[in-house]
Colleague: 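Questions regarding the structure given below will be posed in turn.
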Amino acid sequence: MKAYQIDDFGGPEVFRQSEVERPTAGPGEVLVRVVATSVNPVDCKLRGGSDRFDLTPPAVLGYDVSGIVEAVGAGVERFEAGDAVFYTPTLDAQGAYAEYHAEHASIVAHKPASLSHEEAAALPLAGSTAWQALFDRALLQAGQTALVYGTGGVGMLAVQLAHAAGAEVIAVSSPALTEQTAEAGASRVIDYKSEDVAEVMQSAGVQAEVVFDTVGGDVLERSAAVAAPFADLVTIVNTAAPPAGPLMRLNASAHFLMMQRRGATMRSLARMAERGLLRPVVADVLPLAEVAEAHRRLEAGGVPGKLVLRV
Ligand SMILES: NC(=O)c1ccc[n+]([C@@H]2O[C@H](COP(=O)([O-])OP(=O)(O)OC[C@H]3O[C@@H](n4cnc5c(N)ncnc54)[C@H](OP(=O)(O)O)[C@@H]3O)[C@@H](O)[C@H]2O)c1
């Protein structure tokens with residue numbers, strides 16, 4: 001089958017089209033014909049050789065799939081050939097920048113019928129991260145205030161999910177995304193380039209029960225100033241713990257979230273999409289042959305939504 005592979009770590013130019021052996025569905029697995037995939041920052045980090053990940057080239061990257069089940073392995077009962085499915089593949093060297101992908105059925109879900117394959121491919125990795133940060137880690141509840149830093153792939157879905165859950169959502173966003181962020185459900189959009197988050201929150205007299213950081217740097221450290229008593233601060237970027245003093249005074253907790261690949265999370269996302277409460281923002285759909293261009297654009301920043309690759 002056709003795949004886009006890296007033989008070495010490096011810039012986007014390292015991708016090359018190659019012929020690799022088509023995978024088969026082992027016991028408990030589904031073999032999926034990939035219709036669409038998408039690019040995520042982790043793909044760029046892996047391609048560049050980040051030492052945070054245990055991956056050695058040659059490798060096929062790509063950690064979102066929307067596609068059609070081609071075959072099922074022994075013991076798979078939830079799916080059959082012809083089913084439309086979506087999921088975020090295991091983070092290994094057999095990713096989804098390819099015509100086919102095999103994955104354990106336990107992390108796969110049926111694609112919501114209300115979304116095209118291109119839209120569904122923008123959801124699994126970013127959506128699972130947003131869902132688990134807000135609901136598995138932070139236990140966000142209706143009526144609470146969620147402060148979301150960054151409204152890219154993950155943050156934009158977090159704004160939609162938090163809004164759908166009945167929370168008041170304040171988002172710190174790139175100015176290019178102000179309108180989309182408000183449409184996604186943020187009642188106040190703070191421009192990260194020109195506004196000070198603590199000033200805005202304090203002058204509005206608002207405190208956040210949940211702070212979700214998709215940006216990193218000193219966000220968690222600064223968040224104690226805007227957090228409510230018993231707040232949960234969740235970062236997906238910064239592994240360094242913030243100073244304990246200010247958080248202790250609030251009985252607040254800080255967590256690093258590593259997204260877990262789970263069929264249950266995928267089914268939750270599908271249900272929200274079917275109910276019209278979750279709709280990925282797709283900035284552009286490119287052919288898989290333009291994977292290097294998609295990486296260049298994601299790394300340059302300022303992309304108004306997810307970049308999807310049609311296989
Ligand atoms: N731990 C995990 O399991 C996990 C899972 C998924 C993602 N991640 C990580 O989470 C991060 C975000 O992922 P993503 O897919 O959402 O990335 P993305 O699509 O590139 O979005 C990042 C967004 O943050 C904005 N931004 C940059 N600096 C900001 C600031 N100071 N304040 C507010 N917004 C700012 C960017 O705007 P501009 O483009 O205008 O700069 C962009 O809209 C990445 O580092 C990714 O690797 C971790």
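Just follow the structure's listing: the first ligand is 1, and inside any ligand the first atom is 1.
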Colleague: Could you work out, for atom 7 (C) of ligand 1, the closest of N238, I236, T151 by heavy-atom distance?
Modeller: I236
Colleague: Could you list which atoms of ligand 1 come closer than 4.0 Å to a heavy atom of V215?
Modeller: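 Every atom of ligand 1 under 4.0 Å from some heavy atom of V215: 28 (N), 29 (C), 30 (C), 31 (N), 32 (N), 33 (C), 34 (N), 35 (C).
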Colleague: Please determine if M259 has a nitrogen or oxygen closer than 3.5 Å to a nitrogen or oxygen of ligand 1.
Modeller: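 Checking ligand 1 against M259, an N or O pair does fall under 3.5 Å apart.
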Colleague: Which of the numbered atoms in ligand 1 are under 4.0 angstrom from any heavy atom belonging to L177?
Modeller: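 That gives atoms 43 (O) of ligand 1.
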Colleague: Could you tell me the residue and atom name of the protein heavy atom closest to atom 22 (C) of ligand 1, and the distance to it rounded to 0.1 Å?
Modeller: G152 CA, 4.1 Å
Colleague: With a 3.5 Å distance limit and no angle check, can you tell me whether E209 reaches the backbone of T145 through a side-chain donor-acceptor pair?
Modeller: yes
Colleague: One thing to verify: whether D284 and R297 come together as a salt bridge, which I'm taking to mean a side-chain N less than 4.0 angstrom from a carboxylate O.
Modeller: yes
Colleague: Which atoms of ligand 1 have any heavy atom of M258 under 4.0 Å away?
Modeller: 3 (O)
Colleague: Strictly below 4.0 Å, N to O, side chains only: are E290 and R296 in salt-bridge contact?
Modeller: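 Here E290 does not pair with R296 in a salt bridge, since their nearest N and O are not under 4.0 Å apart.
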Colleague: What protein heavy atom sits nearest atom 40 (O) of ligand 1, and how far away is it?
Modeller: S174 OG, 2.9 Å
Colleague: State the atoms of ligand 1, each with its element, that fall below the 4.0 Å cut-off from a heavy-atom position in T129.
Modeller: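 The atoms of ligand 1 under 4.0 Å from a heavy atom of T129 are 5 (C), 6 (C).
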Colleague: Using a strict threshold of under 4.0 Å (side-chain N to carboxylate O), is an ion pair present between R279 and E119?
Modeller: yes
Colleague: Ignoring hydrogens and angles, tell me if any N or O in the side chain of S18 forms a donor-acceptor pair with the backbone of V20 under 3.5 Å.
Modeller: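 No, S18 side chain to V20 backbone: no donor-acceptor pair under 3.5 Å.
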Colleague: Ignoring hydrogens, tell whether any protein atom lies closer than 4.0 Å to atom 36 (C) of ligand 1; use the non-hydrogen atoms only.
Modeller: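 It does not: no protein heavy atom is found less than 4.0 Å away from atom 36 (C) of ligand 1.
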Colleague: For the backbone of Q94 and the side chain of H101, can you confirm whether one donor and one acceptor N or O come within less than 3.5 Å of each other?
Modeller: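 Present.
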Colleague: Ligand 1 versus V154, non-hydrogen atoms closer than 4.0 Å: side chain, backbone, both, neither?
Modeller: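 Looking at V154 and ligand 1, atoms from backbone and side chain both fall under 4.0 Å.
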Colleague: Can you sort out which atoms of ligand 1 are near L125, meaning under 4.0 Å from one of its heavy atoms?
Modeller: 6 (C)
Colleague: Which heavy atom of the protein is the closest neighbour of atom 41 (O) of ligand 1, given with residue, atom name and distance?
Modeller: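 Sorting protein heavy atoms by distance from atom 41 (O) of ligand 1 puts Y192 OH, 3.0 Å first.
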Colleague: Name the option, out of G153, P41, A130, that contains the heavy atom nearest to atom 19 (O) of ligand 1.
Modeller: G153
Colleague: Find all atoms of ligand 1 within a distance of less than 4.0 Å from any non-hydrogen atom belonging to G301, and give their numbers and elements.
Modeller: 39 (O)
Colleague: Who gets closest to atom 39 (O) of ligand 1 by heavy atom: G216, G302, A133, P304?
Modeller: G302
Colleague: Which protein non-hydrogen atom lies closest to atom 2 (C) of ligand 1, naming both residue and atom, and how far is it?
Modeller: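 Minimum-distance protein heavy atom for atom 2 (C) of ligand 1 reads L257 O, 3.6 Å.
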Colleague: Give me the nearest non-hydrogen protein atom to atom 24 (O) of ligand 1 as residue plus atom name, then the distance to 0.1 Å.
Modeller: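 Residue, atom and distance for the closest contact: G150 CA, 3.9 Å.
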Colleague: In terms of heavy-atom contacts, does CZ of R137 have more than 12 from other residues, nucleotides or ligands at under 6.0 Å?
Modeller: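 No, CZ of R137 has 12 or fewer neighbouring heavy atoms, counting only those of other groups under 6.0 Å.
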Colleague: Would you say K45 contacts ligand 1, with heavy atoms under 4.0 Å as the rule?
Modeller: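 Under 4.0 Å: yes for K45.
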Colleague: Can you tell me if V219 contacts ligand 1 (heavy atom of the residue under 4.0 Å from the ligand)?
Modeller: no
Colleague: If you measure from the Lys or Arg side-chain nitrogens to the Asp or Glu carboxylate oxygens, is any gap between R188 and E195 under 4.0 Å?
Modeller: yes
Colleague: Please check whether S173 reaches ligand 1 - meaning an N/O of the residue sits under 3.5 Å from an N/O of the ligand, judged on distance alone.
Modeller: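 Among all N and O atoms of S173, none is under 3.5 Å from an N or O of ligand 1.
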Colleague: Are H110 and F79 an aromatic pair, judged by ring center distance below 6.0 Å?
Modeller: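 They qualify: ring centres under 6.0 Å apart.
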Colleague: Side chains of T181 and T151: donor-acceptor distance under 3.5 Å anywhere?
Modeller: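 Note: T181 and T151 side chains meet the donor-acceptor criterion.
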Colleague: Check the orientation of F15 and H295. Use parallel for under 30°, tilted for 30 to 60°, and perpendicular for over 60°.
Modeller: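 Taking H295 first and then F15, their aromatic rings stand perpendicular (interplane angle over 60°).
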Colleague: So does S106 get a backbone contact from the side chain of H104, meaning a donor-acceptor N/O pair under 3.5 Å?
Modeller: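 The answer is yes, because a donor-acceptor pair under 3.5 Å joins these two groups.
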Colleague: At less than 4.0 angstrom from any non-hydrogen atom of F256, what atoms of ligand 1 do you find?
Modeller: 1 (N)
Colleague: Can you measure from OG (S66) to CG (L115) and round to the nearest 0.5 angstrom?
Modeller: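 It comes to 8.5 Å.
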Colleague: Check this for me: does any side-chain nitrogen of one of E118 and R310 sit under 4.0 Å from a carboxylate oxygen of the other?
Modeller: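 Counted as a salt bridge, because a side-chain N and a carboxylate O are separated by less than 4.0 Å.
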Colleague: Which atoms of ligand 1 sit under 4.0 Å from any heavy atom of V237?
Modeller: 10 (O), 11 (C)
Colleague: Yes or no: does T214 have any heavy atom under 4.0 Å from an atom of ligand 1?
Modeller: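 It does; at least one heavy atom falls under 4.0 Å.
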